[in-house]
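Every chain is numbered from 1, with letters handed out A, B, ... down the list of sequences. These numbers were taken from a predicted model, which means no experiment stands behind them. The analysis underlying the following values was restricted to heavy atoms, covering all of them including side chains, and did not include hydrogens, waters or symmetry mates.
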Protein chains: 2
Amino acid sequence: MSALTSRLRGHTRKITGPRQAILGILRRHPHPLTNKEIFAALPRGRCDLATIYRSMHLLEEMGMVKRFDFGDGAARFELVGEDDDGHHHHLVCMRCAEVVEIEECSIRELEEQIAARNGFATVTHKLEFFGICPRCQR
Amino acid sequence: MSALTSRLRGHTRKITGPRQAILGILRRHPHPLTNKEIFAALPRGRCDLATIYRSMHLLEEMGMVKRFDFGDGAARFELVGEDDDGHHHHLVCMRCAEVVEIEECSIRELEEQIAARNGFATVTHKLEFFGICPRCQR
DNA sequence: TTTGTTTTTGCAAATCATTTGCAATGAGAA
DNA sequence: TTCTCATTGCAAATGATTTGCAAAAACAAA
C-alpha cells in the first residue's frame with residue numbers, strides 16, 4: 001500500500017477509498033479483470049462504475065496496472081508487480097474465457113508447445129506492433 | 001469476382017450490389033479498414049452502415065476477410081488473398097495510425113529489427129493466444 | 001481540528017461501435 | 001415471369017466507456 005501512497009502523492013493525487021478498494025480486488029485476483037468484474041467484486045455500492053473507469057485510467061498512467069484486450073470489446077486489467085514490468089501473455093479459452101498466464105515470450109514455435117502443455121486445442125495468436133512512425137517523430 | 005461468386009453460391013448466399021462494392025473497396029485498399037472507413041469509401045448512399053457490419057461478418061465466416069483489432073475500439077478488415085491465409089502482423093503508429101504490414105512472424109528479437117527497419121520509435125507489441133481449454137473440449 | 005483548496009465521486013446523460021427487429025426489396029431458382 | 005428466401009434500409013436497442021456537474025472527501029496549512 002505504501003507504493004500506492006507514495007506514487008499517488010507524487011502525482012498530486014489523493015488516496016481515496018475507491019482506489020484502495022480497487023487495488024485490493026486486483027491484488028487478490030491474479031487474472032485480468034474487466035471494469036465490470038471489479039465493480040461486481042467490490043462490496044455493494046462501494047463505488048460507482050464510472051469511478052472504476054476513471055481509476056483504471058489513472059492507475060494505468062501511473063504504470064500500476066496493465067491493460068489487456070482480448071478482442072471481446074471489454075478492456076481487462078492486471079496489477080503490475082513492484083519489480084516486473086507486467087509483460088506476459090495470455091491463453092484465453094474462446095468458449096468459457098478461462099485465462100492462463102503464459103510466462104515465456106517467443107511465438108509461433110511456442111503455439112504448439114503452449115497448446116500441448118495446457119491441453120488447449122486450435123490455438124492461434126493475435127499480435128500487433130505499436131510505435132511512433134518516422135513522420136510523427138519529427 | 002469469380003471466387004466471390006462461387007463461394008457465396010456455395011453458402012446459399014446472394015451476390016448483391018453492396019457485397020460486390022465492399023469487396024471492391026477492400027481490393028483496392030491493401031490496409032486494414034474499419035467499417036466506417038469502408039462506408040465512407042463507398043459512393044454516397046451505396047449501402048447502409050448496418051449492411052457493412054453484416055457483410056463483414058459474413059465475409060469473415062467465409063474466410064474472405066481477416067479481422068484485426070488494434071485496441072482502439074474499432075475492428076478492421078483486410079481481404080485475404082486466394083492463396084495466403086491472411087496471417088501477418090501490423091506495425092501501427094500510435095499517433096497517426098499509419099499501418100505498415102509486417103511479413104515475418106517471430107517476435108521480441110524482431111521488435112528491434114522492425115523498429116529500426118521502419119524507422120519507428122518506442123515499438124512494443126501486444127499478443128494474446130486463443131484456443132479451446134481442456135474443460136470445454138469434453 | 002478547523003478551514004480552504006483541489007481532487008474525486010456519484011449520477012445521469014452523452015458517445016461510440018456494433019447489433020437487431022421488421023417491413024420492403026432484390027436475387028436467383030423454377 | 002413468378003415465387004421464395006436472403007438481404008437491405010432504417011430506426012431503435014445494446015454494451016462499453018466517457019463526460020458534465022454539483023456535492024463530498026482529501027489534505028495541507030493555520
Heavy atoms from C-beta onward define the side chain here; which of D/dT8, C/dT9, D/dT17 lies closest to that of A/Leu49?
D/dT17
Rounded distance in Å - CD1 (A/Ile22) to P (C/dT8):
12 Å
Could you state the interatomic distance from CD1 (B/Ile25) to CG (B/Leu79), rounded to the nearest 0.5 Å?
11.5 Å
Roughly how many Å is it from CE in A/Met56 to C1' in D/dT18, rounded to a whole number?
16 Å
Between the side chains of B/Glu78 and B/His90, is a donor N or O closer than 3.5 angstrom to an acceptor N or O?
yes
Compute the angle between the rotation axes at the two ends of the helix from C/dT1-D/dA30 to C/dA30-D/dT1, each taken over five pairs, rounded to 10 degrees.
30°
Side chain B/Asn118, main chain B/Ala115, donor-acceptor under 3.5 Å
no
In whole Å, what is the span from the CD atom of B/Glu37 to the P atom of C/dA17?
11 Å
Which atom pairs, one a donor and one an acceptor, fall under 3.5 Å between side chains of residues 58-72 of chain B and the rest of the protein, sequence neighbours left out?
from    : atom 1 : to      : atom 2 : distance (Å)
B/Glu60 : OE1    : B/Arg67 : NE     : 3.2
B/Glu60 : OE1    : B/Arg67 : NH2    : 2.9
B/Glu60 : OE2    : B/Arg67 : NE     : 3.1
B/Asp69 : OD1    : B/Gly71 : N      : 2.8
B/Asp72 : OD1    : B/Ala74 : N      : 3.1
B/Asp72 : OD1    : B/Arg76 : NH1    : 3.2
B/Asp72 : OD2    : B/Arg76 : NH1    : 3.2
B/Asp72 : OD2    : B/Arg76 : NH2    : 3.1

B/Phe39 atom CZ is separated from C/dC16 atom C1', nearest whole Å, by 15 Å
Would you find a donor on one side and an acceptor on the other, under 3.5 Å apart, between the side chain of A/Arg19 and the backbone of A/Lys14?
yes
Starting from the C-alpha separation in whole Å, work towards a yes-or-no answer on side-chain contact (heavy atoms from CB on, under 4.5 Å) for B/Thr51 and B/Thr16.
CA-CA 11 Å; B/Thr51 296; B/Thr16 67; over 6 Å; no
Atom CG of A/Asp72 and atom C1' of C/dT18: how far apart are they, to the nearest Å?
14 Å
Please name the residue in the list A/His29, A/Glu37, A/Met56 that meets the side-chain contact (heavy atoms from CB on, under 4.5 Å) test with A/Phe77.
A/Met56
Nucleic acid footprint by protein, nucleotides 20-30 of chain C - heavy-atom cut-off 4.0 Å, B for base, S for sugar-phosphate alone:
BB----BBS--
Quick one: is C/dT18 close enough that its OP1 or OP2 comes under 4.0 Å of any side-chain N or O from B/His57?
no
B/Arg19 side chain: which of D/dA16, D/dT7, C/dT19 is closest?
D/dT7
Side chain proximity check, A/Ile52 to A/Asp48, heavy atoms < 4.5 angstrom:
no
Expressed as a whole number of angstroms, how long is the span from A/Ile52:CD1 to D/dT18:P?
13 Å
Any side-chain heavy-atom pair of B/Pro32 and B/Glu101 under 4.5 Å:
yes
